[in-house]
Amino acid sequence: MAKYVMALDAGTTSNRCIIFDQKGNMIAGAQKEFTQFFPHPGWVEHDASEIWQTQLIVAREAMKKAGAEYSDIAAIGITNQRETTILWDRATGQPVSHAIVWQCRRTADFTEELKAKNPGIVEKFRKKTGLVIDPYFSGTKIRWLLDNVPGARERAEKGELCFGTVDSWLIYKLTKGKVHVTDYSNASRTLLFNINTLQWDEELCRILDIPMSLLPEAKPSSCVYGETDPEFFGGPIRIAGACGDQQCALFGQTCFQPGEAKNTYGTGAFLLMNIGEKPILSQNGLVTTIAWGLDHEVVYALEGSVYVAGAAIQWLRDELRVVDSSPDSEYFATRVKDTNGCYVVPAFTGLGAPYWDPYARGVITGLTRGVNKYHIIRATLESLAFQSNDVLQAMERDSGYRLCSLKVDGGACRNDFLMQFQSDISNAPIRRPSCVETTAMGASYLAGLAVGYWDSKEDVIKNWSIDREFTPRMDSEEREKQLRGWRQAVAATRGWAKESGE
Ligand code: ADP
């Protein structure tokens, strides 16, 4: 039996490869950054050929470090930056232009016009795709490429082009053009995929003027899509898993029961809650997405993001210069017993879920003569937990599930003070795993399950080991008091840029 599974983690700024064994141990890894292009303010592009080359280099490097031959690898699983849009020539495999990255806002005017012209359209897209009409998702990016790359629309209409997100692109390249597929989790981020029927939606494609011949076949996240061309790794390896990065982390964190959720505390924070086998549309500003397709079933998730999480700690470091490094924030925050009544709301770029207020701007409230820098550092750390809690509460309201546990990953989950405060304010246990490479682990599990390297999700659960659990210590009166203060502070941010005209 093959010894390992290999995860290709195609991120936004770098590609990584991690090789795992059956116990979920990391055997070897490699990572390489690639170029970010910013051709206009608010535009972000990648070179898809560079993404492919970089991914191939790190995969070969990791295999070399592990001393692994192609036959040692049971399967490859891919996890990827979501929504990033690539169009390429079906015959030559050449991209028609740079990829448009998920962060790119170039279709903002188009989405505004679309919504203004057809007021009913928002609800139509929401019901079918679980999403809001926003430049973030792939649909309007595909349309932009068809309308702006010379000849693209004609070539697409003749069936000469393929669309794919990064998972789809990498599978196409790894199989030397034999396989054009994507998985349900990635498809569910395009605005073109009906998450109820698991089909590309003709009506939505018509509205966005996208020929359906472009689209990859949508398949479960755990299944054998094809084999790598022998040229790449000395022999064929099965490609058996694909899943968007955030959903993959939910899987890697083994959030298999409805009501289980994960939070990734990175630059921003990404929260996903498993809501079981039926989609639930949010009444509270969250999106509904496909978590994964596995074993003939599809699991759905509610998703909400916080724009500024770890970035607020970078602000303490780089702008206020009150800490030398992000981890130092913990030491300073614990020099005081509370925030002395002050709150920081880091709404630097507006507020995301559940408020959706682009005009909100950051505030520090409750300042009195005794507030010092330690209080402000502490309040900034607490803001990560308060913002995450706002999303978790919206998830509970939408799903009817009481949060049973929150599993955590991302850089800032190393901060014990923050984790304890999250547990206190959300009144839920917080579980931090020993291996926080949950995204890559999720991809390897999805692939390994498809080829029998692991038998069932039970094997995966066995491999998840806890580093530390944080349980609530705050009494309910104190929690309510703090939440009231937070709500008051959030209220002070609302509409700020609109009223001040900035
Ligand atoms: P990303 O993947 O978004 O680049 P990471 O998961 O690498 O983010 O996490 C980096 C972020 O986490 C940074 O914004 C940093 O300020 C924050 N961070 C890292 N360690 C800590 C810590 N110990 N306490 C608080 N914040 C931290």
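Order of listing sets the numbers, starting from 1, for every ligand and every atom in it.
- Checking Ser222 against Trp292 by side-chain atom types alone, no donor-acceptor pair falls below 3.5 Å.
- Between Thr140 atom OG1 and Asp109 atom CG the span is 11.0 Å, to the nearest 0.5 Å.
- The distance from ligand 1 to the heavy atoms of Ser329 drops below 4.0 Å at these ligand atoms: 24 (N), 25 (C).
- With no hydrogens or angles considered, a side-chain donor-acceptor pair links Gln31 and Ser14 at under 3.5 Å.
- Any N or O atom pair closer than 3.5 Å counts here, and Asn415 shares at least one such pair with ligand 1.
- With a 6.0 Å radius and a threshold of 12 heavy atoms from other residues, nucleotides or ligands, Lys64 has its NZ atom at or below the threshold.
- The single protein non-hydrogen atom nearest to atom 4 (O) of ligand 1 is Thr267 OG1, 3.5 Å, given as residue, atom name and distance.
- Between Trp88 and Tyr172, the distance separating the two ring centers is shorter than 6.0 angstrom.
- Under the 4.0 Å distance rule, the nearest protein heavy atom to atom 24 (N) of ligand 1 falls inside the cut-off.
- For the pairing with Asp409, the side-chain hydrogen bond (donor to acceptor under 3.5 Å, both in side chains) check across Gln253, Arg414, Arg432 returns one residue only, Gln253.
- Less than 4.0 angstrom separates some heavy atom of Gly410 from each of these atoms of ligand 1: 6 (O).
- Remark: minimum distance from atom 12 (O) of ligand 1 to any protein heavy atom is reached at Ala412 N, 3.6 Å.
- For ligand 1, one of its N or O atoms has an N or O atom of Gly310 under 3.5 Å away.
- Results of the side chain to side chain contact (heavy atoms under 4.5 Å, CB included) test with Thr129 over Leu192, Thr288, Leu191 single out Leu191 as the only residue that passes.
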Margin query: Between Trp102 and Arg82, does the side-chain contact (heavy atoms from CB on, under 4.5 Å) criterion hold? Intermediate values first, please.
Written below: CA-CA 7 Å; Trp102 56 273; Arg82 304 176 301 173; over 6 Å; no
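- Ranking the protein heavy atoms by distance from atom 11 (C) of ligand 1 puts Gly266 C, 3.9 Å first.
- Shown in contact with Pro327 at under 4.0 Å from a heavy atom are these atoms of ligand 1, numbered in order with element: 22 (C), 23 (N).
- Heavy-atom neighbours of Glu469 CD from other residues, nucleotides or ligands within 6.0 Å: above the threshold of 12.
- Near Ala311, with a cut-off below 4.0 Å to any heavy atom, the atoms of ligand 1 are 14 (O).
- The single protein non-hydrogen atom nearest to atom 10 (C) of ligand 1 is Gly411 CA, 4.3 Å, given as residue, atom name and distance.
- Distances shorter than 4.0 angstrom do not occur between any heavy atom of Glu330 and any atom of ligand 1.
- Considering only non-hydrogen protein atoms, atom 16 (O) of ligand 1 sits nearest to Ser326 OG, 2.8 Å.
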